[in-house]
Engineer: 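Let me give you the structure first, and then I'll get to my questions.
Each chain gets a letter, A, B and so on, in the order the sequences are listed, and its residues count up from 1.
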Protein chains: 2
Amino acid sequence: MDERVPRDFETLRTTILERRHSLPKRIAQIAAYALDNPDDIAFGTAASIAASAGVQPSTLIRFAQQLGFDGFTSLQLVFRERLRERNSSYDERLAALRAKAEEGAGHRAIFDGFVAAAGTSLNDISGRLNEDHFEDAIALLAKAETIYVLAKRRSYPVASYIAYALGKLKIRNQLIESAAGLNAEMISFASPRDAVIAISFSPYAPAAIDEARVISEQGVPIVAITDSSFSPLAQFAKVWFEVAEADFAGFRSLSATMALAMALTVAVGEKRRDAGRKRKA
Amino acid sequence: MDERVPRDFETLRTTILERRHSLPKRIAQIAAYALDNPDDIAFGTAASIAASAGVQPSTLIRFAQQLGFDGFTSLQLVFRERLRERNSSYDERLAALRAKAEEGAGHRAIFDGFVAAAGTSLNDISGRLNEDHFEDAIALLAKAETIYVLAKRRSYPVASYIAYALGKLKIRNQLIESAAGLNAEMISFASPRDAVIAISFSPYAPAAIDEARVISEQGVPIVAITDSSFSPLAQFAKVWFEVAEADFAGFRSLSATMALAMALTVAVGEKRRDAGRKRKA
DNA sequence: TATGGATTGGAATTATTATTTCATATTACC
DNA sequence: GGTAATATGAAATAATAATTCCAATCCATA
């Protein structure tokens, strides 16, 4: 066997492309197939891959040996490793970008960093959304007369988007904000037949926490989006979601929170439509 | 065998979590391992997985059977499919999810859809950000006395986040919004030594366009974030960015716009800090 | 604490899959 | 055009891996 066997996918890929023209016909055929369908190589069996590529299993093994592997199995490992890495790389990329930005790597790095932070956050939340909580929250919000939306400072953009979306879906809602300082009055109108979506992350804006407390004491159920079970919001909430947003350059992403907020909003809209239809029938 | 075998990873995951407490000890052990190390299940052999999880291979097979699969092999397929999907392009996933949601595939699908839409948008923008425009925009904003931030309706959350971030960075800024209807007066204070960040997407909010026109007529340079060169905003702008946000269930993602907005803001902050340092030296 | 049922471990068995081998075909070179 | 070297196909074989089976153990219940 060769001394320098390609051990990562990129090297392998380069090697294949270099030798492409000096390979026998069938071997070249499987080489092309491998670069076009790396996933199939990662998961298939020698027989199944050979069949898809239109060659014999033995050819596949010869291909691997030409590249310096001692058989198909070791070649396949490289393709599998690729899939593993692809999956875990967001975090690593973000760490690299943070380091880069630290040393002043220019403005493009800042942009890449925010994109990566958003990607990481999305990755994270898609894996850990609690579906039961999600359903509970939807049920709770769907039967509310008015949905109050409560968020300050960093979380405020999410609240304003929720309010916009609820409005578009013709769901009665009230964004708790008032230039005139009438928040307390606004809150006092909320009843147990209403519901609240409250969003706050550490460091929790005191106003958001206070208002959440008052409103929960009035018996209005709260759906909270926050960052940990220690969050003061969590204790006032009927249902709460933990969202871990990655940050970059001191500013946390809002992508995951936004996605969750939009999903909640649209799901509530859908549930109401379904309920309305049933009532008519 | 059970009639309804989990066929995708998320369903499987949920099923496992539901039954978690009613499973025998060793089976529960492998269940926990499976959820913690899905990649290992996808790639390993029954023997290797069993060893890592500290159980017998037969237990692993019993686990699969409890879930309704007819053996380890069919369980493994679900874990492999997950990796394939993760890897498949965001676009394809989004298309699949849209189709799913169409046929009313439940609330989880809505959530997944918004996550995928955000991911697609991020993917897209990271590939096509024009670096020259980016630098121009930063330079333009960095030398502004006051940065005005202009966006209505759907884009308003972005504007409010920009205003929040600028504030944190101690950069003088003015969000153009006024419950008292004083926008026109607010705008009239802007001078050519200031600058504007304007954000608007089709269908362009008339108020946003009008205000952008007025303010540009006053000679105030505008950095625009919009969705095409046909956008009315583009014609008033000194620098403009095209951002294509994917949409889901009728609501467009804001992730790419947010990432760009944050990058702009932080880069401006950095540029000012650097400039300040130089002036002192 | 005795008893039945459920659970588990470990080896035996079966199945699947990779690899080797060898006959045949193709190609390149004289 | 003949010959040697190389490449390919197909089946045989070896290796590996999944599954089954049965004895041992654990656990709940009477």
Engineer: Output all residues satisfying salt bridge (Lys or Arg N to Asp or Glu O under 4.0 Å) with B/D40, sequence neighbours left out; order by chain, then residue number.
Structural biologist: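 Here the qualifying residues are A/R84.
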Engineer: I need the CZ-C1' distance between B/F63 and C/dA6, as an integer number of Å.
Structural biologist: 18 Å
Engineer: Can you name the side-chain hydrogen bond (donor to acceptor under 3.5 Å, both in side chains) partners of A/E135, sequence neighbours left out?
Structural biologist: B/H107
Engineer: Please report the distance, rounded to the nearest Å, between CG in A/L75 and P in C/dT17.
Structural biologist: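 About 18 Å, once rounded to whole Å.
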Engineer: Measure from CD on B/Q65 to P on D/dA18 and round the result to the nearest Å.
Structural biologist: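 After rounding, the reported distance stands at 14 Å.
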Engineer: Mind checking what makes ring pair (Phe, Tyr, Trp, His ring centres under 6.0 Å) contact with A/F236, not counting sequence neighbours?
Structural biologist: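 With sequence neighbours excluded, A/F236 shows a ring pair (Phe, Tyr, Trp, His ring centres under 6.0 Å) to no residue whatsoever.
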Engineer: Whole-Å distance between C/dT19 C1' and A/Q76 CD?
Structural biologist: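 Atom-to-atom, A/Q76 to C/dT19, this comes out as 14 Å.
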Engineer: B/D70 CG to D/dT19 P: how many Å, rounded?
Structural biologist: 8 Å
Engineer: According to ring pair (Phe, Tyr, Trp, His ring centres under 6.0 Å), who are the partners of A/F79, at least two apart in sequence or on a separate chain?
Structural biologist: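 For A/F79 the ring pair (Phe, Tyr, Trp, His ring centres under 6.0 Å) partners, ignoring immediate neighbours, are A/F9.
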Engineer: Identify, with sequence neighbours excluded, every residue that meets side-chain hydrogen bond (donor to acceptor under 3.5 Å, both in side chains) alongside B/R252.
Structural biologist: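 So B/R252 forms no side-chain hydrogen bond (donor to acceptor under 3.5 Å, both in side chains) with any residue.
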Engineer: To the nearest Å, how far apart are A/I30 CD1 and C/dA18 C1'?
Structural biologist: 14 Å
Engineer: I'd like a list of close polar pairs between nucleotides 14-17 of chain D and the protein, N/O only, cut-off under 3.5 Å.
Structural biologist:
none

Engineer: Under 3.5 Å, is there a donor-acceptor pair between the side chain of B/S121 and the main chain of B/A246?
Structural biologist: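 Indeed, once roles are kept as given, a pair shorter than 3.5 Å links the two residues.
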Engineer: Which pairs, with at least one residue in residues 40-61 of chain A and sequence neighbours excluded, count as a ring-ring contact (aromatic ring centres under 6.0 Å, His included)?
Structural biologist: A/F43-B/F43
Engineer: Which pairs, protein N/O on one side and nucleotides 5-10 of chain D N/O on the other, fall under 3.5 Å?
Structural biologist:
residue: D/dT8; atom: OP1; partner: A/K25; partner atom: N; Å: 3.4
residue: D/dT8; atom: OP1; partner: A/R26; partner atom: N; Å: 2.8
residue: D/dG9; atom: OP1; partner: A/R26; partner atom: NH1; Å: 2.1
residue: D/dG9; atom: O6; partner: A/R62; partner atom: NH2; Å: 2.5
residue: D/dA10; atom: OP2; partner: A/Q56; partner atom: NE2; Å: 2.8
residue: D/dA10; atom: N6; partner: A/S58; partner atom: OG; Å: 3.2

Engineer: D/dT19 phosphate, OP1 or OP2: any side-chain N/O from B/T73 under 4.0 angstrom?
Structural biologist: yes
Engineer: Who pairs with A/Y33 by ring pair (Phe, Tyr, Trp, His ring centres under 6.0 Å), at least two apart in sequence or on another chain?
Structural biologist: none
